[in-house]
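To keep things clear, I will list the structure first and then write my remarks on it.
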There are 2 protein chains.
Amino acid sequence: MERKLKDYNPEYCPVIYSLNKIGDRWKLLVIHYIRKGNLRFGALQNVIPNVSRQTLTNKLRELEADGIINRTVYAEVPPRVEYNLTELGVSLLPIINEMSKWGLKYMRP
Amino acid sequence: MERKLKDYNPEYCPVIYSLNKIGDRWKLLVIHYIRKGNLRFGALQNVIPNVSRQTLTNKLRELEADGIINRTVYAEVPPRVEYNLTELGVSLLPIINEMSKWGLKYMRP
DNA sequence: CCGCATCCTGGGAGATACTG
DNA sequence: CAGTATCTCCCAGGATGCGG
């Protein structure tokens with residue numbers, strides 16, 4: 001189980017709540033890349049640098065449990081699974097947009 | 001040394017850059033609370049749940065090295081040290097604001 | 001009060017092999 | 001293809017004591 005700040009924070013504040021949902025580099029990257037159209041497990045693995053299948057799986061499960069993404073299995077051969085942002089997931093995009101804007105502005109090579 | 005996604009990411013993207021600077025729950029919390037007026041080391045330690053001195057020290061150093069906060073030492077007895085956001089630090093506030101807004105809207109007790 | 005030096009531990013993450 | 005199951009490793013972070 002993931003240890004969360006919530007567990008021992010007396011003055012629970014919104015920022016901490018958000019951090020507990022997405023304050024994890026992997027999760028933000030997953031959301032970011034799903035938004036960009038990388039919907040399949042393999043696609044995500046290719047585009048996110050150095051994620052192991054294991055970790056990617058875990059993060060996808062957590063995001064699903066938090067209602068941020070949907071998982072759709074297509075009964076095909078070979079099997080196909082697609083992930084999509086839920087409404088809640090979409091509501092996170094402004095945060096990622098702000099981060100993206102900041103990165104663009106202040107990034108130095 | 002902190003292992004950064006940057007080190008092994010072929011397609012370097014702004015979101016990842018931002019993540020490398022602040023994609024760490026402690027750092028965001030530090031920025032958040034400095035903004036709220038908790039400028040002293042002790043104040044930060046009191047207000048951030050369960051940070052050890054060590055960790056807080058490290059994060060403050062990293063933030064300082066990244067030009068996000070300033071450190072001012074007052075030659076008093078007892079000693080006093082204050083941290084302030086630099087211009088670069090202030091430029092991060094929109095991100096935190098978005099996170100705060102999101103938390104307020106979707107937080108369930 | 002602030003914070004460095006040490007030591008130590010837990011659990012996040014990688015590697016690998018195996019299934020439907 | 002898209003996972004699960006295991007095992008291992010590593011280091012971020014906690015605890016503690018000292019020093020300016």
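A note on names: the letters A, B, ... follow the listed sequences, proteins ahead of strands, and every chain is numbered from 1.
Rounded to a whole Å, the CD atom of B/E62 is 12 Å from the P atom of C/dC4. Rounded to an integer number of Å, the gap from A/L29 CG to C/dG12 P is 18 Å. For the pair B/E64 CD and C/dG3 P, the computed distance is 9 Å after rounding to whole Å. Following rounding to the nearest Å, A/D24 (CG) and D/dA12 (C1') show an atom-to-atom distance of 14 Å. The nearest whole Å value for the distance from the CZ atom in A/R71 to the P atom in D/dA2 is 10 Å. Following rounding to the nearest Å, A/N58 (CG) and D/dA2 (P) show an atom-to-atom distance of 17 Å. For the pair B/L56 CG and D/dA12 P, the interatomic distance rounds to 17 Å; values are reported in whole Å.
Remark: B/Y83 is not in phosphate contact with C/dC2, judged by side-chain N or O atoms under 4.0 Å from OP1 or OP2. Distances shown here put every side-chain N or O of B/R25 at or beyond 4.0 Å from the OP1 or OP2 atom of D/dA12. At the phosphate of D/dG3, OP1 or OP2 sits under 4.0 Å from a side-chain N or O atom of A/R61. A close approach under 4.0 Å does not occur between any side-chain nitrogen or oxygen of A/S52 and OP1 or OP2 of C/dA13. For the OP1/OP2 pair of D/dA12 and a distance below 4.0 Å, the side-chain nitrogens and oxygens of B/K59 include no atom meeting the criterion.
Residues passing the side-chain hydrogen bond (donor to acceptor under 3.5 Å, both in side chains) test with A/N70: none are found, sequence neighbours excluded. With sequence neighbours excluded, the residues that form a side chain to side chain contact (heavy atoms under 4.5 Å, CB included) with A/R40 are A/A43, A/R80, A/E82. Listed by chain and residue number, A/K101 satisfy the side-chain hydrogen bond (donor to acceptor under 3.5 Å, both in side chains) test with A/E98 (two or more places apart in sequence, or in another chain). For B/T57, the side-chain hydrogen bond (donor to acceptor under 3.5 Å, both in side chains) test picks out no residue, with sequence neighbours left out. Scanning for side-chain hydrogen bond (donor to acceptor under 3.5 Å, both in side chains) contacts around A/K36 gives an empty result, with sequence neighbours left out. Contacts of A/V73 classified as side chain to side chain contact (heavy atoms under 4.5 Å, CB included), with partners at least two apart in sequence or in another chain: A/R71, A/V81.
Here B/Y74 lies out of heavy-atom contact (under 4.0 Å) with every strand.
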Report task. Run the numbers on A/C13 and B/Y33 for side-chain contact (heavy atoms from CB on, under 4.5 Å), then give the verdict. Result -> CA-CA 11 Å; A/C13 93; B/Y33 283 117; 3.9 Å; yes
Report task. Report the C-alpha distance between B/R35 and B/N97 in whole Å, list the side-chain angles of each, state the deciding distance to 0.1 Å, and finish with yes or no for side chain to side chain donor-acceptor pair (under 3.5 Å). Result -> CA-CA 11 Å; B/R35 183 256 295 266; B/N97 284 337; 3.2 Å; yes
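Under the 4.5 Å side-chain criterion, counting only non-hydrogen atoms from C-beta, B/L60 is in contact with B/V30. Taking the side chain as every heavy atom from C-beta outward, A/F41 and A/R53 approach each other to under 4.5 Å.
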Show the atom names and distances, to 0.1 Å, of all donor-acceptor pairs under 3.5 Å that link a side chain in residues 85-96 of chain B to residues at least two apart or in another chain.
from, atom 1, to, atom 2, distance (Å)
B/T86, OG1, B/G67, O, 2.6
B/T86, OG1, B/I68, O, 3.1
B/T86, OG1, B/L88, N, 3.3
B/T86, OG1, B/G89, N, 3.1
B/S91, OG, A/W102, NE1, 2.9
B/S91, OG, B/L88, O, 2.5

For nucleotides 6-10 of chain D, give me every protein contact, N/O to N/O, under 3.5 Å, one pair per line with atom names.
from, atom 1, to, atom 2, distance (Å)
D/dT6, O4, A/Q54, OE1, 3.2

Within the sub-3.5 Å range, which N or O atoms of nucleotides 18-20 of chain D have a protein N or O partner, and how far apart are they?
none

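Once rounded to the nearest 0.5 Å, the distance linking NZ of A/K105 with OG of A/S100 reads 14.0 Å. The OH atom of A/Y83 sits 10.0 Å away from atom CG of A/L63, with the distance rounded to the nearest 0.5 Å. In this structure, CE in A/M99 is found 12.0 Å from CG in A/L104, a value given to the nearest 0.5 Å.
Using a 4.0 Å cutoff on non-hydrogen atoms, the parts of residues 35-45 of chain A near DNA chain D are A/R40, A/F41, A/G42, ordered by number.
Closest to the side chain of B/W26, out of D/dG14, C/dG3, D/dG3, is D/dG14.
Relative to the axis of its first five pairs, the axis of the last five pairs of the helix from C/dC1-D/dG20 to C/dG20-D/dC1 sits at 50°, rounded to 10 degrees.
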